[in-house]
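All remarks here apply to the structure that follows.
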Amino acid sequence: MTRKFDFLVIGSGIAGISFALKAAKYGKVALLCKTTLIDSNTSYAQGGIASVTYAPDTFEKHISDTLISGDGHCDLSVVEKVVHEAPSQIEELLNWGVAFDKNEKGLFDLHREGGHSEHRILHHKDNTGFEIQESLIRQVKTHPDIEVFEHYFAIEILTQHHCGQIVTHHTPNIECYGAYVLDLNSNNIHTFLAKITLLATGGIGSVYSTTTNPEIATGDGIAMVHRARGAIKDMEFVQFHPTALYHPGERPTFLITEAIRGYGAVLRTQDGKEFMHKYDERGSLAPRDIVARAIDNEMKMRGHDYVYLDVTRMDAKETKKHFPNIYKKCLELGIDITKDYIPVSPTQHYLCGGIVVDKNAKSSINRLYAAGECSCTGLHGANRLASNSLIEAIVYANAAVEDAAKRIDKLSFNDCIPDWNDEGTSLTEEMVLITQSFKEVEQIMSSYVGIVRSNLRLIRALHRLEILYRETENLFDKSVVSNEICELRNVISVAYLIIKQAIARKESRGLHYTVDYPERMKNEVRK
Ligand code: FAD
Ligand code: SIN
């Protein structure tokens with residue numbers, strides 16, 4: 001079956017929904033998600049959303065903090081754009097009903113996180129993302145020009161390749177005409193034709209064995225663009241959150257927000273000693289890459305699986321008020337955070353790289369935009385500043401709409417696309433091979449492509465992954481298409497891109513630290 005929409009939006013987190021709500025002014029929108037609307041990384045966000053709100057904070061300070069965190073790899077003009085446009089996008093969220101916490105004076109209660117020189121994080125208790133996601137869903141559900149498709153899995157974006165043309169990395173003007181989508185409710189594959197397509201497919205946590213990301217984070221958008229010969233970069237900059245709750249077996253790993261360190265919590269080794277000042281004068285509030293590496297080092301030196309986060313010295317009533325969900329979650333595990341230290345360890349959390357986009361959120365493929373975690377705008381550089389992700393997603397979704405609105409009337413549908421061809425596929429019983437291969441990818445990435453890297457480990461990871469790649473492509477060619485086999489292909493592509501781009505970077509910078517090149521290439525000193 002073929003369906004036609006002016007705008008096809010793949011992904012229903014903050015990037016996808018905010019785009020859909022604005023694009024609907026200019027045409028009919030299809031909003032797809034592979035599970036349910038609520039199931040996104042956005043829903044899990046705890047700390048909040050960064051934006052300059054009151055003095056003494058200034059745009060210059062937010063810009064400077066972002067650049068320092070990004071370790072010399074940010075695009076200054078992008079940082080300026082996001083920081084300057086943030087307040088107006090916060091207004092949009094407020095208009096859509098997002099309730100950020102206020103203090104007794106009626107002013108926004110601003111939190112502070114690692115790498116921020118001021119209190120500038122707007123938040124809703126310690127579950128800001130859920131508040132945002134719910135508010136956006138309320139808007140989208142009642143919108144007459146947005147059709148929502150839950151349990152619709154995008155398999156492949158459509159380009160000239162699907163009209164029989166040979167497309168290579170050198171093909172000029174590759175264009176996107178929509179996507180093949182598997183309807184998981186009926187198991188039919190539909191052709192969604194669109195004048196404009198937005199990828200907002202989120203993160204890649206499923207590539208690692210421990211992650212704060214929900215299961216949907218399999219890097220589908222990045223893998224689809226890679227297969228379509230689009231540009232992907234900065235994949236080596238995988239962010240590990242320093243303080244995920246140490247609770248083996250739980251997936252996703254529960255996050256202990258960085259805002260708790262901004263509030264006063266400190267890190268301690270298992271014998272109760274503070275250690276962060278040995279690594280950085282900003283102590284527990286140093287940028288995330290530095291804190292994660294310091295914890296990793298302390299754990300390795302001592303042979304420990306976790307360190308402690310200590311918030312016991314703060315006022316118990318205030319702690320419960322600011323962090324009610326963390327308090328509740330830990331209490332369920334027998335940890336009263338107002339009295340007990342919290343066991344934490346670093347865990348995969350975010351990807352700074354992704355689909356290369358310009359300042360209008362346009363990818364290297366014509367008619368294809370990308371926003372949110374699947375994209376690489378240049379904002380985060382080599383290490384994202386905490387709480388800069390949600391704001392980047394909404395600023396770039398807005399930029400995409402503004403650009404697309406100018407051209408939508410001049411675009412038409414491309415009717416050359418044939419229906420999905422599943423000739424020659426018959427295998428349906430290889431589920432166990434798929435789950436096993438998934439685990440192998442996670443193990444390869446967690447063992448060899450973690451916080452501290454080396455040439456030897458990266459090459460070993462590449463060799464092991466190549467075997468899985470060949471086996472999986474073979475399986476895919478013979479199998480009746482399913483979301484599971486597609487996701488496996490996608491995580492293998494994403495893992496491949498991370499390893500290849502990590503091997504190519506002959507220096508240590510931000511989140512990419514390798515023992516073979518421990519210095520920055522130009523030997524700059526990190527401020
Ligand atoms: P997501 O919100 O992840 O949405 C992805 C969407 O894509 C989903 O709807 C999914 O179904 C859909 N999708 C994916 N693949 C397909 C496919 N093949 N077909 C159809 N649909 C598909 N950032 C901050 O700025 N502040 C924070 O405090 C913060 N805290 C965080 C806490 C946690 C625990 C986590 C995991 C992340 C946190 N982040 C935070 C990061 C931030 O939440 C994410 O980067 C951001 O929400 C990503 O939004 P998104 O719209 O790009 O994607
Ligand atoms: C957190 O709350 O610590 C997560 C913030 C982020 O990832 O931006």
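Along the sequence shown, residues carry numbers from 1. Just follow the structure's listing: the first ligand is 1, and inside any ligand the first atom is 1.
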Contact check, G48 vs ligand 1, heavy-atom distance below 4.0 Å: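 Within the 4.0 Å threshold, so yes.
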Is T128 near ligand 1, meaning one of its heavy atoms is under 4.0 Å from it?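 Contact absent.
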I want to know if ligand 1 touches [X] in the polar sense, i.e. an N/O pair below 3.5 angstrom.
X    : answer
T212 : no
D220 : yes
A45  : no
A154 : yes
M224 : no
K34  : yes
A15  : yes
Q133 : no
L390 : yes
Q46  : yes

Which protein non-hydrogen atom lies closest to [atom], naming both residue and atom, and how far is it?
atom                    : answer
atom 12 (C) of ligand 1 : G11 CA, 3.5 Å
atom 38 (C) of ligand 1 : H349 CE1, 3.6 Å
atom 47 (O) of ligand 1 : T42 OG1, 2.9 Å

So, are [X] and [Y] salt-bridged, with charged N and O less than 4.0 Å apart?
X    : Y    : value
R288 : E258 : yes
E147 : K28  : no
E250 : K329 : yes
R489 : E156 : yes

Relative to each other, are the rings of F237 and H512 parallel, tilted or perpendicular (30° and 60° limits)?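 Perpendicular, since the angle between the ring planes exceeds 60°.
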Backbone of G11 reached by a side-chain donor or acceptor of T201 within 3.5 Å: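 The answer is no, because no donor-acceptor pair under 3.5 Å joins these two groups.
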Pairs of nitrogen or oxygen atoms, one from ligand 2 and one from the protein, closer than 3.5 Å: please tabulate them with distances.
from, atom 1, to, atom 2, distance (Å)
ligand 2, 2 (O), G47, N, 2.9
ligand 2, 2 (O), T257, OG1, 2.6
ligand 2, 3 (O), H241, NE2, 2.8
ligand 2, 3 (O), T257, OG1, 3.4
ligand 2, 3 (O), E258, N, 2.7
ligand 2, 7 (O), R288, NH1, 3.0
ligand 2, 7 (O), R288, NH2, 3.2
ligand 2, 7 (O), H349, NE2, 2.7
ligand 2, 7 (O), R384, NH2, 2.8
ligand 2, 8 (O), R384, NH1, 2.7
ligand 2, 8 (O), R384, NH2, 3.4
ligand 2, 8 (O), S387, N, 2.6

For the ring pair F100 and H111, is the centre-to-centre distance below 6.0 Å?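 Not under 6.0 Å, so no.
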Given S40, A50, S12, G202, which has its nearest heavy atom closest to atom 6 (C) of ligand 1?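 Residue with the shortest heavy-atom distance to the ligand atom: S12.
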Closest candidate by heavy atom, reference atom 41 (C) of ligand 1, pool S389, G205, A217: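 That would be S389.
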For Y350, atoms of ligand 1 separated by under 4.0 Å from a heavy atom: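 Atoms satisfying the 4.0 Å criterion: 45 (O).
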Atoms of ligand 1 less than 4.0 Å from R384 heavy atoms?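 Under 4.0 Å from R384, ligand 1 has these atoms: 23 (N), 24 (C), 25 (O).
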What part of [X], side chain, backbone, both or neither, has a heavy atom within less than 4.0 angstrom of ligand 1?
X    : value
Y152 : backbone
N41  : both
N388 : backbone

To the nearest 0.5 Å, what is the distance between CG (N388) and CG (L379)?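 Spacing of CG (N388) from CG (L379) equals 5.0 Å.
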Suppose we screen for side-chain contact (heavy atoms from CB on, under 4.5 Å). Which residues come up paired with T191, at least two apart in sequence or across chains?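 side-chain contact (heavy atoms from CB on, under 4.5 Å) list for T191, sorted by chain: T2, L158, Y180, L193, I417, D419.
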Does Y306 have any ring pair (Phe, Tyr, Trp, His ring centres under 6.0 Å) partners at least two apart in sequence or in another chain, and if so, which?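 Ring pair (Phe, Tyr, Trp, His ring centres under 6.0 Å) list for Y306, sorted by chain: Y246, Y308.
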With sequence neighbours excluded, residues passing ring pair (Phe, Tyr, Trp, His ring centres under 6.0 Å) with H62: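 For H62, no residue satisfies ring pair (Phe, Tyr, Trp, His ring centres under 6.0 Å) once neighbours in sequence are set aside.
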Could you go through Y44 and F130, starting from their C-alpha distance and side-chain angles, then the distance that decides it, and tell me whether this counts as ring pair (Phe, Tyr, Trp, His ring centres under 6.0 Å)? CA-CA 6 Å; Y44 282 71; F130 196 74; 9.0 Å; no
Tell me which one of R120, H119, E118 satisfies side-chain hydrogen bond (donor to acceptor under 3.5 Å, both in side chains) with H116.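 That would be R120; it is the only one of R120, H119, E118 passing the side-chain hydrogen bond (donor to acceptor under 3.5 Å, both in side chains) with H116.
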